[in-house]
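Sequential numbering from 1 along the given sequence is applied to the chain's residues.
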Amino acid sequence: MATTKAPDAGRRSDRSRRAIHDAALALVTEQGYRRTTIEGIAARAGVGKQTIYRWWPSKAAVLMDAFLDLAGRTAEDAGGAPQPDGAAYSGGSAPGLPDTGDLAADLKTVLRATVDELNNPVLEAVTRALTAEGIVDAKLGAEFVQQLLDPQLALYVTRLRAAQEAGHVRAEIDPRIALELLIGPLMHRWLLRTLPLTHAYADEVVDYAVGGLTPRA
């Protein structure tokens, strides 16, 4: 007598989660964050609304989880690109910013990867939607910072402190302010579309910033 294999509940859950992630990202891209609803996500994913609420407490939580998953998959497809500066919110597997002993070169590597992610059409629409909504929705904005920005910014602080210990950055520099000299210009150009966001621009930002951070003769 042939045996019937029991359904794989774990695999079914993974499929459902991926369907929910994809539905949430698609809806935010198509109609924006405010018009996206749990009901709409459930309908697009082909699951019940209660399934979503069993795993996530809110629409924002669904979107954050979906975005982190998307960023991680994108980084894997790109061959494990370096962690970005927090503007692109990568889920890549790198444990920290590169530290070859050459601060400018390391920062250029990271900012170039950030430029690539910000210009990636798969990530851009969702990143813009979450960023824009986080400006007007204080709760979402706080979650955006806590879950996506802060872990990435901490990598910059760690790298800049290592540069201070090595004597490559002045001791009185505040790393948290210094990292904004790198991230701020990229985000300004990307958000407002003032000029193209390119590797050459990222390199210049690093040169200007590092010039102000290094010890003075």
Do [X] and [Y] make a side-chain contact, defined as non-hydrogen atoms from C-beta onward lying under 4.5 Å apart?
X	Y	result
I52	V47	yes
H199	D116	yes
L153	I183	yes
W55	V62	no
Y201	L195	no

Would you find a donor on one side and an acceptor on the other, under 3.5 Å apart, between the side chain of [X] and the backbone of [Y]?
X	Y	result
Q164	I173	yes
R44	D22	no
N119	L197	yes
K49	A42	no
W190	L118	yes

Taking atom [atom1] as the centre, does [X] end up with more than 12 heavy-atom neighbours from other residues, nucleotides or ligands that are less than 6.0 angstrom away?
X	atom1	result
Q146	CD	no
R34	CZ	no
H188	NE2	no

If you look at every heavy atom in [X] and [Y], which pair is closest and at what distance?
X	Y	answer
T29	L25	OG1-O, 2.8 Å
V110	Y156	CG1-OH, 3.3 Å
A61	W56	O-CD1, 3.7 Å
G167	P215	O-CG, 3.4 Å

Roughly how far apart are [X] [atom1] and [Y] [atom2], rounded to 0.5 Å?
X	Y	atom1	atom2	answer
T131	F144	OG1	CZ	3.5 Å
R128	L130	CZ	CG	12.5 Å
L107	R112	CG	CZ	12.5 Å
R54	S16	CZ	OG	8.5 Å
T198	E204	OG1	CD	8.0 Å
L182	L160	CG	CG	7.0 Å

ILVMFWY network linking [X] to [Y], side-chain heavy atoms under 4.5 angstrom:
X	Y	result
Y53	L63	yes
I135	M187	no
Y208	V210	no

Next item on the list: Tell me, with the steps shown, if Q152 and L155 meet side chain to side chain contact (heavy atoms under 4.5 Å, CB included).
Entry: CA-CA 5 Å; Q152 303 296 332; L155 300 179; 3.7 Å; yes
Looking at [Y] and [X], is any side-chain nitrogen of the basic one under 4.0 Å from a carboxylate oxygen of the acidic one?
X	Y	answer
E133	K59	no
E165	R161	no
D69	R18	yes

Check: Could you walk me through whether L140 and M64 pass the side chain to side chain contact (heavy atoms under 4.5 Å, CB included) check?
Finding: CA-CA 10 Å; L140 177 66; M64 293 292 180; 3.7 Å; yes
Check: Hey, mind stepping through D106 and L97 against side chain to side chain contact (heavy atoms under 4.5 Å, CB included) and telling me if it holds?
Finding: CA-CA 7 Å; D106 293 342; L97 270 62; over 6 Å; no
Note to self: Checking H168 against D102: is there a side-chain donor and acceptor pair closer than 3.5 Å?
What the structure shows: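 No, no side-chain donor-acceptor contact under 3.5 Å.
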Next item on the list: Please step through side chain to side chain contact (heavy atoms under 4.5 Å, CB included) for the pair L103 and T214, ending with a clear verdict.
Entry: CA-CA 10 Å; L103 179 62; T214 52; 5.6 Å; no
Item checked: Under the side chain to side chain contact (heavy atoms under 4.5 Å, CB included) test, residues paired with K108 that sit two or more places apart -> D203, V206, D207
Item checked: Sequence-distant partners of T158, side chain to side chain contact (heavy atoms under 4.5 Å, CB included), two or more places apart ->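 None.
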